[in-house]
Amino acid sequence: MRRVLLYSPPMSKEQSQQLFQEIISHCKEYGFIFPSSEIYDGLSAVYDYGPYGAELKKNIQDYWWRAMVQLHENIVGIDAAIFMHPKTWKASGHVDAFMDPLIDNKDSKKRYRADVLIEDALAKMEEKIEKEVEKGQKKFGDAFDRDKFLATNPNVLRIKEKINAYQERFKKALDENNLAELKQIIVDLEIACEVSGSKNWTDVRQFNLMFSTEVGSVADEASTIYLRPETAQGIFVNFLQVQRTARQKIPFGIAQVGKAFRNEIVARQFIFRTREFEQMEMQFFVRPGTEMEWYEYWKQERMKWHRSLGFSPERLQYFDHIKLAHYANAAVDIQYQFPFGFKEIEGIHSRTDYDLKNHQELSGKKLQYFDPDTNESYIPYVVETSVGLNRTFLAVICNAYRTELLDDGSERVVLSLPPFLAPVQIAVFPLVKKDGLPEKAKEIFSELRWDLRVFYEEKDSIGKRYRRQDAIGTPYCITIDHQTLTDNTVTLRDRDTMKQERISIDRLKTIVADKVDWKKGLQ
Ligand code: GAP
């Protein structure tokens with residue numbers, strides 16, 4: 001059957017927005033993601049994962065863990081507590097430096113991140129360049145040379161020059177922590193509030209992103225503790241114990257998956273930026289002086305992992321940080337092209353010995369490693385890979401979501417998830433609810449579920465059942481019909497091609513297990 005994809009690139013901004021809204025509705029309707037505490041009208045930017053969402057998230061997490069821990073003999077995993085001694089956050093620099101610059105619009109009272117306002121305004125100027133390109137394309141037709149046009153068109157050159165000048169000012173203001181200059185850039189760019197439409201701004205001020213709470217039942221015994229804003233510190237404070245107990249030698253890594261919390265000024269774009277989220281982090285401890293080699297190594301490795309999720313190369317890009325985090329001497333993001341543009345899903349940072357040195361100083365405990373190869377003790381340098389589990393989830397869903405127009409005029413929504421990540425890997429259907437077919441189907445279902453994530457359903461027509469599985473991304477469905485009872489064969493239907501083949505039940509487990517094998521992604 002011929003299938004035409006609705007929403008195929010290049011898309012207009014309106015189409016991209018519509019697509020994103022459809023993805024959000026789809027996630028709710030099919031049990032992936034619900035707004036939290038919705039019976040009380042929800043809590044802004046907080047989400048719960050439903051039956052298929054929880055399964056998909058867990059599968060992404062397991063896939064990361066396998067790639068990082070199971071496949072590296074020199075990486076081990078831990079699971080540290082969310083609460084940590086308050087001094088941890090002093091040593092890590094988060095108490096003094098984990099800030100975002102915020103600005104309020106005096107008329108709407110809406111609060112913004114000053115740096116995001118500027119980034120968005122510069123992105124809009126970039127869009128103007130694309131509009132010029134479209135005009136050029138129309139004018140010159142087949143003779144249009146994009147590179148030449150970008151290098152010579154006076155309008156494009158003028159916009160580029162303006163963007164570069166602002167970018168230079170922006171970088172300098174961030175580096176120097178110059179809040180007055182950040183405000184001046186907002187004024188010069190003539191940025192208006194999206195709610196009031198006015199340019200009536202407060203001054204820019206710094207806002208610490210950590211959530212704090214009190215521990216202890218008696219008021220004066222209470223002390224302020226923080227919800228961790230990154231999982232990494234649980235790894236740093238345990239570094240020597242892990243190294244000794246896991247008998248690791250440098251270079252080696254410690255991996256962890258867990259919740260992190262940030263009081264984001266603007267939480268938005270569904271699960272992209274939330275105040276509670278999960279990180280999958282790995283700290284790689286190396287000999288000082290070798291950190292840039294490892295930084296390059298992990299940059300490449302992590303990009304390979306993202307590609308193995310089925311993201312095409314043109315949907316992924318590196319983005320060098322304009323402003324380095326307080327702990328880093330080099331940092332790059334891996335960005336995915338969401339419907340709302342290229343955005344960070346993973347950060348790779350060279351963190352030097354910043355964290356371990358500060359923990360050693362503040363705790364008074366030595367955090368040095370004795371290197372048997374060189375006979376010296378030193379504080380290792382660290383290269384970190386830090387990927388957001390929820391953001392990867394969103395990228396996986398956006399990448400998989402398709403609406404197809406079929407030959408018969410009907411539409412189908414399909415999630416083309418990588419089979420190893422799919423919440424359900426195979427659905428088992430008796431063709432009709434009689435003649436012994438349900439009994440036979442249940443027998444097969446019971447057998448398969450020891451090895452695969454299986455779903456059984458006998459309600460509604462086969463067509464409707466296929467559509468429901470397409471919508472949650474189930475790569476294979478089998479149908480048990482009257483022929484099954486005579487020759488022990490079933491039809492195996494492929495989600496993406498919609499083709500069906502007849503196969504023997506004896507071969508079923510082997511065939512499907514091979515198709516959904518997670519190793520396929522990484523080999
Ligand atoms: N330990 C380093 C660190 O935390 P980061 O770049 O601030 O670095 C790493 O965060 C990853 O965590 C990001 O690439 C992103 O995927 C995820 N992340 C950060 N803030 C987030 C938020 N508010 N909501 C969802 N994911 C977030």
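Both counts, for ligands and for their atoms, begin at 1 and track the order of listing. The figures that follow rest on heavy atoms only: side chains count, while hydrogens, waters and symmetry mates do not.
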Inset, instruction - Measure from NZ or CZ of Arg391 to the centre of the six-membered ring of Phe272, then state whether that distance is under 6.0 Å and the direction lies within 45° of the axis. - result: yes
Legend entry - Gly388 N/O to ligand 1 N/O under 3.5 Å: yes
Inset, instruction - Please identify which atoms of ligand 1 are closer than 4.0 Å to at least one heavy atom of Glu230. - result: 1 (N), 2 (C), 3 (C), 4 (O)
Inset, instruction - Identify, for atom 15 (C) of ligand 1, the protein heavy atom at the shortest distance, and state residue, atom and that distance. - result: Arg391 NH1, 3.5 Å
Legend entry - Nearest-neighbour protein heavy atom for atom 10 (O) of ligand 1, which is reported as residue plus atom name and distance: Gln279 NE2, 3.4 Å
Inset, instruction - Identify the protein heavy atom lying closest to atom 9 (C) of ligand 1, giving its residue, its atom name and the separation to 0.1 Å. - result: Ser386 OG, 3.0 Å
Inset, instruction - Output yes when Lys58 and Glu55 qualify as a salt bridge under the 4.0 Å nitrogen-oxygen rule, no when they do not. - result: no
Legend entry - Residue pair Asp371 / Tyr378, side-chain donor-acceptor N/O under 3.5 Å: yes
Inset, instruction - Decide whether a cation-pi geometry holds between Lys343 and Phe338; the criteria are a distance under 6.0 Å from NZ or CZ to the six-membered ring centre and an angle within 45° of the ring axis. - result: no
Legend entry - Closest candidate by heavy atom, reference atom 5 (P) of ligand 1, pool Arg262, Glu276, Met280: Arg262
Legend entry - Atoms in ligand 1 with a heavy atom of Glu281 nearer than 4.0 Å: 1 (N), 2 (C), 3 (C), 4 (O)
Legend entry - Arg351/Glu281 salt bridge by N-O under 4.0 Å criterion: no
Inset, instruction - Specify whether His306 and Phe311 have parallel, tilted or perpendicular ring planes, treating 30° as the upper limit for parallel and 60° as the lower limit for perpendicular. - result: parallel
Inset, instruction - List the steps, then state whether salt bridge (Lys or Arg N to Asp or Glu O under 4.0 Å) holds for Lys28 with Glu38. - result: CA-CA 11 Å; Lys28 185 173 173 199; Glu38 209 186 6; 2.9 Å; yes
Legend entry - Which residue and heavy atom of the protein sit nearest atom 25 (C) of ligand 1, plus the separation: Phe272 O, 3.2 Å
Inset, instruction - Considering only NZ, NE, NH1 and NH2 on the basic side and carboxylate oxygens on the acidic side, decide whether Arg205 and Asp104 come within less than 4.0 Å. - result: yes
Legend entry - ligand 1 to Pro229 polar contact by distance, N or O atoms, under 3.5 Å: no
Inset, instruction - Answer with yes or no whether Ile345 contacts ligand 1, where contact means a heavy atom under 4.0 Å from a ligand atom. - result: yes
Inset, instruction - Report the nearest protein non-hydrogen atom to atom 2 (C) of ligand 1: residue, atom name, distance rounded to 0.1 Å. - result: Glu384 OE1, 3.0 Å
Inset, instruction - Distance to 0.1 Å, residue and atom name: give those for the protein heavy atom nearest to atom 24 (N) of ligand 1. - result: Thr274 N, 3.0 Å
Legend entry - Closest approach of any protein heavy atom to atom 8 (O) of ligand 1, naming residue and atom: His349 CE1, 3.4 Å
Legend entry - Donor + acceptor pair across side chains of Gln283, Asp355 (<3.5 Å): no
Legend entry - Arg273 N/O under 3.5 Å from ligand 1 N/O: no
Inset, instruction - Could you tell me whether Asp100 and Arg262 make a salt bridge, using a distance below 4.0 angstrom between a side-chain N and a carboxylate O? - result: no
Inset, instruction - Determine, using ring centers only, whether Phe420 and Tyr63 are less than 6.0 Å apart. - result: yes
Legend entry - Location of contacts on Arg351 toward ligand 1, heavy atoms closer than 4.0 Å: side chain
Legend entry - Atoms of ligand 1 close to Glu346 [distance to a heavy atom under 4.0 angstrom, numbered from 1]: 14 (O)
Inset, instruction - State whether Glu194 and Lys110 are salt-bridged, where the test is any N-O pair (Lys NZ or Arg NE/NH1/NH2 against Asp/Glu carboxylate O) under 4.0 Å. - result: yes
Legend entry - contact_flag Glu278 ligand 1 heavy-atom lt 4.0 Å: no
Legend entry - Side chain, backbone, both or neither: the part of Thr392 lying under 4.0 Å from ligand 1 by heavy atom: neither
Inset, instruction - Report, in ascending order of atom number, the atoms of ligand 1 lying under 4.0 Å from any heavy atom of Gly347. - result: 14 (O)
Inset, instruction - Before signing off on this row, confirm whether Arg275 and ligand 1 have an N or O atom pair separated by under 3.5 Å. - result: no
Inset, instruction - Could you tell me the residue and atom name of the protein heavy atom closest to atom 13 (C) of ligand 1, and the distance to it rounded to 0.1 Å? - result: Glu344 OE2, 3.2 Å
